[in-house]
*Asks:* 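Here you go, one structure.
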Number of protein chains: 2
Amino acid sequence: MQIAGQQLDLVFSALADPTRRAILARLATGEATVNELVEPFELSQPTISKHLKVLEGAGLVTRGRDAQFRPVRLNALPLKSAAQWIGDYRRFWEESFDRLDVYVSELHRKEQQHGRKRRRK
Amino acid sequence: MQIAGQQLDLVFSALADPTRRAILARLATGEATVNELVEPFELSQPTISKHLKVLEGAGLVTRGRDAQFRPVRLNALPLKSAAQWIGDYRRFWEESFDRLDVYVSELHRKEQQHGRKRRRK
DNA sequence: TCTCTATATAGCCAATAATGAATATAACGG
DNA sequence: CCGTTATATTCATTATTGGCTATATAGAGA
């Protein structure tokens with residue numbers, strides 16, 4: 001989990017920034033140069049380059065080379081792992097399972113209350 | 001996107017830590033007290049409490065009250081938004097679309113090369 | 001009330017991350 | 001070779017994070 005988890009660390013933390021998510025959204029419409037990615041934002045070019053480095057570190061984009069251009073391309077594969085991880089929790093948000101779960105575990109908790117108090121360190 | 005995006009910021013950055021993901025995994029088996037969550041880790045209780053605060057801030061867990069216990073419960077709903085966001089990219093990782101896409105956009109890029117050079121600031 | 005137990009808060013530290021300004025590199029066009 | 005464009009790197013600054021220890025609070029139970 002530590003070894004495989006590192007990939008998830010990188011992906012999730014890359015996704016935790018709205019600028020980076022916007023960059024990915026833009027790349028979903030096709031590859032772009034750095035300057036094309038700078039334009040829509042009020043951020044400086046170095047700032048965007050840095051965000052791109054983070055995305056690249058997470059494997060979410062790849063860079064090409066074309067003269068002085070370094071076209072940026074979406075690579076969605078790491079999102080698959082993220083989607084799979086989250087997918088394991090789908091049953092917890094689907095159906096009105098949520099409230100039922102709360103209710104059941106509430107009962108369970110109350111049943112265990114006595115045991116809990118007895119728990120030794 | 002900024003307003004709705006903040007929720008995603010919180011969720012993704014909460015998920016970006018392996019300890020917090022492990023806590024969620026544990027909670028998927030049922031609610032737990034703070035001390036029960038501390039045990040499996042080599043981390044101090046305050047550290048776990050801090051992680052719980054982050055998870056709570058992202059809406060991923062809720063806290064109850066039961067005497068001196070503050071049972072922690074999974075709330076997977078925010079994961080739904082995260083799953084939806086990621087889901088928009090599914091088509092990019094499914095099929096062997098990836099390599100094809102790269103190839104196509106490579107061609108496209110080369111076709112546009114001349115136009116790119118002419119681009120004015 | 002006194003003493004456990006469970007949990008939270010505060011304060012501190014080291015490591016990392018984000019931001020902006022300035023500069024460097026790299027490749028084209030002439 | 002020169003000038004221009006595209007992008008990266010460097011620095012300095014500041015903010016955030018994750019961990020710790022020590023202490024505080026809150027409730028149970030004797």
Side-chain angles (χ1 to χ4, degrees), chain A residues 2 5-6 9-23 27 31-39 41-58 61-73 109-110 112-121, chain B residues 6 9-23 31-58 61-73 109-110 112-121:
Chain A
Q2 213 81 311
Q6 269 189 127
D9 288 11
L10 292 173
V11 172
F12 281 131
S13 91
L15 296 182
D17 183 284
T19 300
R20 288 192 291 260
R21 288 198 305 277
I23 288 175
L27 292 176
E31 73 167 30
T33 67
V34 175
N35 275 339
E36 284 166 352
L37 292 174
V38 169
E39 280 181 32
F41 301 99
E42 297 173 338
L43 300 174
S44 68
Q45 171 265 313
T47 298
I48 296 295
S49 280
K50 214 172 207 177
H51 281 306
L52 289 175
K53 208 171 193 176
V54 173
L55 289 169
E56 196 177 3
V61 305
T62 60
R63 316 295 306 267
R65 184 172 272 295
D66 168 16
Q68 65 274 61
F69 303 90
R70 305 289 314 276
V72 188
R73 205 183 296 127
R109 180 174 60 73
K110 282 177 175 156
Q112 288 197 322
Q113 189 162 332
H114 191 244
R116 198 175 266 160
K117 281 171 186 165
R118 283 207 183 141
R119 196 158 294 164
R120 304 276 104 244
K121 77 150 186 184
Chain B
Q6 269 189 127
D9 287 12
L10 292 173
V11 172
F12 282 131
S13 91
L15 296 182
D17 184 282
T19 301
R20 288 192 291 261
R21 288 198 304 276
I23 289 175
E31 72 167 30
T33 67
V34 175
N35 275 339
E36 285 167 352
L37 292 174
V38 169
E39 280 181 33
F41 301 99
E42 296 174 338
L43 300 174
S44 68
Q45 171 264 312
T47 297
I48 297 296
S49 281
K50 218 177 208 176
H51 281 305
L52 290 175
K53 209 169 191 175
V54 174
L55 289 170
E56 196 177 3
V61 305
T62 59
R63 315 295 307 267
R65 185 171 273 295
D66 168 16
Q68 66 273 62
F69 303 89
R70 306 289 314 277
V72 188
R73 206 182 295 127
R109 180 173 61 71
K110 283 177 175 157
Q112 287 196 323
Q113 191 163 330
H114 191 243
R116 197 174 267 161
K117 282 172 186 163
R118 284 205 181 143
R119 197 158 293 164
R120 302 279 104 242
K121 78 155 178 137

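Just so it is clear: chains get the letters A, B, ... in the order the sequence lines come, proteins before strands, and each one is counted from 1.
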*Asks:* So does E36(B) get a backbone contact from the side chain of E39(B), meaning a donor-acceptor N/O pair under 3.5 Å?
*Replies:* no

*Asks:* Taking CG from L10(A) and C1' from dA17(C), how many angstroms apart are they, rounded to a whole number?
*Replies:* 13 Å

*Asks:* What nucleotide among dG27(D), dA27(C), dT7(C) has an atom nearest to a side-chain atom of T33(B)?
*Replies:* dT7(C)

*Asks:* Provide, to the nearest angstrom, the distance between the CG atom belonging to L52(B) and the C1' atom belonging to dA8(C).
*Replies:* 11 Å

*Asks:* Below the 4.0 Å mark, does dC20(D) have OP1 or OP2 next to a side-chain nitrogen or oxygen of S44(B)?
*Replies:* yes

*Asks:* Rounded to the nearest 0.5 Å, what separation is found between the CG atom of D17(A) and the CZ atom of F12(B)?
*Replies:* 12.0 Å

*Asks:* Which of these nucleotides, dT7(C), dA18(C), dT7(D), is closest to any side-chain atom of R70(B)?
*Replies:* dT7(C)

*Asks:* With respect to the side chain of H51(B), which nucleotide from dG18(D), dA8(D), dA28(D) is positioned closest?
*Replies:* dG18(D)

*Asks:* Using every non-hydrogen atom in the two residues, find where V34(B) and R70(B) come nearest and quote the distance to one decimal.
*Replies:* CG2-O, 4.4 Å

*Asks:* Taking K53(A)'s backbone N and O only, do any of them form a donor-acceptor pair with R63(A)'s side chain (distance below 3.5 Å, no angle check)?
*Replies:* no

*Asks:* Using whole Å, what does the distance between atom C1' of nucleotide dT7(D) and atom CD of E39(A) come to?
*Replies:* 15 Å

*Asks:* Picking from dT7(C), dT19(C), dG27(D), which would you name as closest to the side chain of T47(A)?
*Replies:* dT19(C)

*Asks:* Can you tell me how far P of dA6(D) sits from CD of E31(A), to the nearest Å?
*Replies:* 16 Å

*Asks:* Scan D17(B) against the nucleic acid and name what it touches under 4.0 Å (heavy atoms): base, sugar-phosphate only, or nothing.
*Replies:* sugar-phosphate

*Asks:* Would you tell me if any nitrogen or oxygen in the side chain of R65(B) comes within less than 4.0 Å of OP1 or OP2 on dT7(C)?
*Replies:* no

*Asks:* Measure the distance from CG on L55(B) to C1' on dT17(D) and round it to the nearest whole Å.
*Replies:* 14 Å

*Asks:* Does the side chain of L27(A) reach to within under 4.5 Å of the side chain of L37(A), using non-hydrogen atoms?
*Replies:* yes

*Asks:* Could you report the tightest heavy-atom contact between Q45(B) and V38(B), atom names first, then the distance?
*Replies:* CA-CG2, 3.7 Å

*Asks:* Between dT7(C), dA27(C), dT7(D), which nucleotide has the shortest distance from any of its atoms to the side chain of N35(A)?
*Replies:* dT7(D)

*Asks:* How many Å lie between CD on Q68(A) and C1' on dA26(C), as a whole number?
*Replies:* 8 Å

*Asks:* What is the distance from CG of D66(B) to P of dA28(D), rounded to the nearest Å?
*Replies:* 9 Å

*Asks:* So which protein nitrogen or oxygen atoms get under 3.5 Å of nucleotides 9-15 of chain D's nitrogens or oxygens?
*Replies:*
{"from": "dT9(D)", "atom 1": "OP2", "to": "K53(A)", "atom 2": "NZ", "distance (Å)": "3.4"}

*Asks:* F69(A) has an atom CZ; how far is it from atom P of dC28(C), in whole Å?
*Replies:* 10 Å

*Asks:* Closest to the L43(B) side chain: dT7(C), dT7(D), dG19(D)?
*Replies:* dG19(D)

